[in-house]
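Mind having a look at this structure? Questions to follow.
Each chain gets a letter, A, B and so on, in the order the sequences are listed, and its residues count up from 1.
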2 protein chains.
Amino acid sequence: MSHQDSDGTGADKEFLSTFARGLEVIRSFDTETPSMTLSAVAEKNNLSRAAARRFLLTLQKLGYVSQDDKKFGLTAKVLELGYSYLASLDFSETVTPIMEEVSYQLGESCSALVLDGVDIVYVARIPRRGLIPLNLQIGARLPAYATSGGRVLMAALQAPELEDVIEKTHFEQLTAYTKGPDALRAELQKIRSDGYAIVDQELELGMRALAVPVLDRRGTARFALNSSSHVSSVSMERIAQEYVPIMQDAAQKLTDILP
Amino acid sequence: MSHQDSDGTGADKEFLSTFARGLEVIRSFDTETPSMTLSAVAEKNNLSRAAARRFLLTLQKLGYVSQDDKKFGLTAKVLELGYSYLASLDFSETVTPIMEEVSYQLGESCSALVLDGVDIVYVARIPRRGLIPLNLQIGARLPAYATSGGRVLMAALQAPELEDVIEKTHFEQLTAYTKGPDALRAELQKIRSDGYAIVDQELELGMRALAVPVLDRRGTARFALNSSSHVSSVSMERIAQEYVPIMQDAAQKLTDILP
DNA sequence: AACAATCGTCCGATTATCGAACGGTTACAG
DNA sequence: CTGTAACCGTTCGATAATCGGACGATTGTT
């Protein structure tokens, strides 16, 4: 027996498969199948019916799923799991007010986001009044390489981690302006010296976005603040000259606050 | 028979304790302890260090936790778990636009929420421009008994379920206006005949809230729409005469859309 | 009434999980 | 640079947790 895994069986002595499978069961509920019968859950997760039933009963006893006439569905309690993460960030008291101030000064939405693999994930958001073009809620994901927030966070990575992200990224020509890996590397250099990133219609035509990194006192990037606007409402020059100082000011305030 | 547990040991043949303990480990990360050493996790969850390590390594391999110099912390990926639930509601395409319309017409925030135990949980939200008095994000909880949304959803429950909720509720005199269990029962009767609920400063002084139930075509309440405003901005009469029809109109539109 | 498609339950077989014990690392102090 | 403290990593036999095939019960349908 090898003590390393990576053999086909994948059986790792310190991998709790029951736990991992249970998490998969939670994730197997999605838009297409918001509620499933026991058998459907079993099939979707490659479990025996008996096993699927054990997972569902466990989740039910814990309050994470409810049963409605043979069909099982998630309850709002599963949001508490994600909430553990948001609570561990502890934004609501300290960070949100500063973001509201930014949103007010710019007259635009303002979001906080972190890097997770090759994606950015929204962790806080102050929306702009009016119809929201991209309806991004907390937990929403976008590809890091094509977003301003993703770029400032990538720019803050160490070389090996950055290479890892770039390698795993699936570069797609989302608009005519979307940069590829080589142009991205050059852009990251610029971002490092500038201290902010502006992305002009690379994710979606008509949208411009600005982001700055928020560092803690040790100088490590904890998350990014971003704001996006329509091309019609603001020029690139105005973003660089008016928006950037406001965002950097907010980022500095946050640095002073963060533990 | 005796196939029921409820003996002290609690060992239930169809309860996957490894899974349940793993979920607890996720939830043990909170605002006070956003990152913990292996030993801290073990202690907080009454696990041996070896066991805690297995849970953490499993979570790490799945990408839900990351390790930073002996300290473990959740990653943004745990939000995906909660996202399974939001995806299963599938609000973003259909429900949100209607809520935006309501928010625009009323000039107030508009939220969608569901009942989970004795709490309501926000599942979608269109915020009002300006400083938000209660900064409620998706996943946030409030006590059902003192909120308009909670009341319309309680009013829609069957008698035994309703009794269960009332019994489990911890009634607190949150403001001078907060109703107790008896007044609540009477109020629920009124809500059933009116088809909407207005709560006047029972949760927080200065805040009034209106909610209507959203039914599916079979007539079961799926969630509630709510809107809250400052006492200074709108009278009770205006809520009843102007706001209610707009909300009920939106609820009807949603009924036609829902599967 | 027979059928099909579910779910619930049981129980011996299997293996996943457990934890005590030991060894290693780092940090700090004398 | 020895000693101590506070961590973490690893191992392995013991044990309990989990598995799943088989059968029975239920429900809805033709």
Worksheet item: Does the gap between the ring centers of B/Phe55 and A/Phe19 come in under 6.0 Å?
Response: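 Between A/Phe19 and B/Phe55, which both carry aromatic rings, the centre distance is below 6.0 Å.
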Discussion item. Once rounded to the nearest 0.5 Å, what's the spacing between atom CG of B/Leu38 and atom CD of B/Glu43?
Written reply: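 Between B/Leu38 CG and B/Glu43 CD, I get 12.0 Å after rounding to 0.5 Å.
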Discussion item. I'd like to check the ring pair (Phe, Tyr, Trp, His ring centres under 6.0 Å) partners of A/Phe72; sequence neighbours left out, ordered by chain and number.
Written reply: none
Item to complete: Taking only Lys NZ, Arg NE, NH1 and NH2, and the carboxylate oxygens of Asp or Glu, determine whether A/Arg192 and A/Glu187 approach each other closer than 4.0 Å.
Response: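 Salt bridge: no.
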Item to complete: Taking the side chain as every heavy atom from C-beta outward, state whether A/Val165 and A/Met154 have any atom pair closer than 4.5 Å.
Response: yes
Worksheet item: In whole angstrom, what separates A/Lys71's NZ from D/dT27's C1'?
Response: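 From A/Lys71 NZ to D/dT27 C1': 16 Å.
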Item to complete: Applying side chain to side chain donor-acceptor pair (under 3.5 Å), name anything that partners A/Ser66, two or more places apart in sequence or on another chain.
Response: none
Discussion item. Counting primed atoms plus P, OP1 and OP2 as sugar-phosphate and everything else as base, spell out the protein contacts along nucleotides 18-26 of chain C at 4.0 Å heavy-atom distance: B, S or - for each nucleotide, 5' to 3'.
Written reply: BBB------
Worksheet item: Rounded to the nearest Å, what distance is computed from the CG atom of residue A/Leu57 to the C1' atom of nucleotide D/dT18?
Response: 14 Å
Close N/O contacts between protein and nucleotides 28-30 of chain D (under 3.5 Å):
none

Practice prompt. Please work out which residues in residues 28-40 of chain B have a non-hydrogen atom less than 4.0 Å from an atom of DNA chain C and list them by number.
Written response: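 Within this stretch, nothing sits under 4.0 Å of the strand.
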Worksheet entry | Ring centre gap for B/Phe29 and A/Tyr85 strictly below 6.0 Å |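 Centroid separation for B/Phe29 and A/Tyr85: 6.0 Å or greater.
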Discussion item. Taking B/Asp30 first and then B/Lys44, would you say they form a salt bridge - that is, a charged N and a carboxylate O separated by under 4.0 Å?
Written reply: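 Judged by the 4.0 Å cut-off on N to carboxylate O distance, B/Asp30 and B/Lys44 do form a salt bridge.
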Worksheet item: Can you check the A/Phe72 CZ to C/dT6 P distance for me, whole Å?
Response: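 For the pair A/Phe72 CZ and C/dT6 P, the rounded distance is 14 Å.
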Determine all donor-acceptor pairs shorter than 3.5 Å in which one atom belongs to a side chain in residues 73-82 of chain A; sequence neighbours excluded.
unit_1	atom_1	unit_2	atom_2	d
A/Thr75	OG1	A/Gly63	O	2.7
A/Thr75	OG1	A/Tyr64	O	3.4
A/Thr75	OG1	A/Lys77	N	3.1
A/Lys77	NZ	A/Leu62	O	2.8
A/Glu80	OE1	B/Arg27	NH1	3.0
A/Glu80	OE1	B/Arg27	NH2	2.5
A/Glu80	OE2	B/Arg141	NE	3.0
A/Glu80	OE2	B/Arg141	NH2	3.0

Fill in: Length of the CG-P vector between B/Leu56 and D/dC7, whole Å
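That distance rounds to 15 Å.
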Fill in: Between P of D/dC7 and CZ of B/Arg53, the distance in whole Å
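Taking CZ of B/Arg53 and P of D/dC7, I get 17 Å after rounding.
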Discussion item. Please report the distance, rounded to the nearest Å, between CZ in A/Phe15 and P in C/dT15.
Written reply: 18 Å
Discussion item. Counting neighbours of CZ on B/Arg218 that are heavy atoms of other residues, nucleotides or ligands and sit closer than 6.0 Å, is the number greater than 12?
Written reply: no
Response to the item:
Separation between CD (B/Glu100) and SG (B/Cys110), nearest 0.5 Å, reads 10.0 Å
